[in-house]
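Before any comments, here is the structure.
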Amino acid sequence: MIVRTTAEISGTDREVADPKGNWVSKRIILGGDNVGFSFHETTINAGSVNEFHYANHVEAVWLVEGEGTLLDRETGETYPLAPGTMYLLNGHERHTVTADTQLRMLCVFNPPVVGTEVHDEHGVYPLVAVPQPTGKHAEEAVSS
């Protein structure tokens, strides 16, 4: 069993900030935990416009706080974002998230993010091999 809090992740290498200052991602479960997905809490700042494209990952997003707009850049369709909205990028869609207010989202990635990825100039995370587990939960991850 793995139990983590966002408080213990804050200020560690599992808390990743956008270089432009638009968002912060707390990476609660990573590839090294050997569960087949990664799980993140992402906060996007009010007033920001963010272009993403997960060419190597499927992402599911559940919005728990805030309001904004999701633009599917593949089709031009826009969707309102509000608490209780879920979107799934199962076709690796290029998308833009505009935050009217601060957004707080819970995100699942498959394959899992390992924690060292940064968005490239197109908003893409590279596909990084999952390392062997280390640290506090390594023994549990290997035995599961």
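A distance-only check finds no donor-acceptor pair linking the side chain of H92 to the backbone of H53 [under 3.5 Å].
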Next on the checklist: Please determine whether side-chain contact (heavy atoms from CB on, under 4.5 Å) holds for the pair M105 and V97, giving the CA-CA distance in whole Å, both sets of side-chain angles, and the decisive distance to 0.1 Å.
Outcome noted: CA-CA 12 Å; M105 309 165 147; V97 175; 4.1 Å; yes
Item to check | Evaluation steps, salt bridge (charged side-chain N to carboxylate O under 4.0 Å, His left out), between E51 and R94 | outcome: CA-CA 8 Å; E51 293 190 354; R94 298 170 199 275; over 6 Å; no
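Here T12 contributes atom OG1 and R4 contributes atom CZ; the two are 9.5 Å apart, rounded to the nearest 0.5 Å. Atoms OG1 and CG, from T98 and L103 in turn, are 9.0 Å apart once rounded to the nearest 0.5 Å. The line from CD of E59 to OG1 of T42 is 7.0 Å long, rounded to the nearest 0.5 Å.
Looking at Y87 and D72, their side chains never come closer than 4.5 Å, going by heavy atoms from C-beta outward. Proximity of K26 to S10: side-chain heavy atoms (C-beta onward) are separated by under 4.5 Å at one or more points. A 4.5 Å side-chain heavy-atom check between V114 and L30 finds every atom pair outside the cut-off. The shortest side-chain heavy-atom distance between I9 and R27 does not fall under the 4.5 Å cut-off. Residues H57 and P111 are in side-chain contact: their nearest non-hydrogen atoms beyond the backbone lie under 4.5 Å apart.
The minimum heavy-atom distance linking V64 with L106 is given by the pair CG1-CD1, 4.0 Å.
Note: Y54 and F109 meet the aromatic proximity criterion, with ring centroids under 6.0 Å apart.
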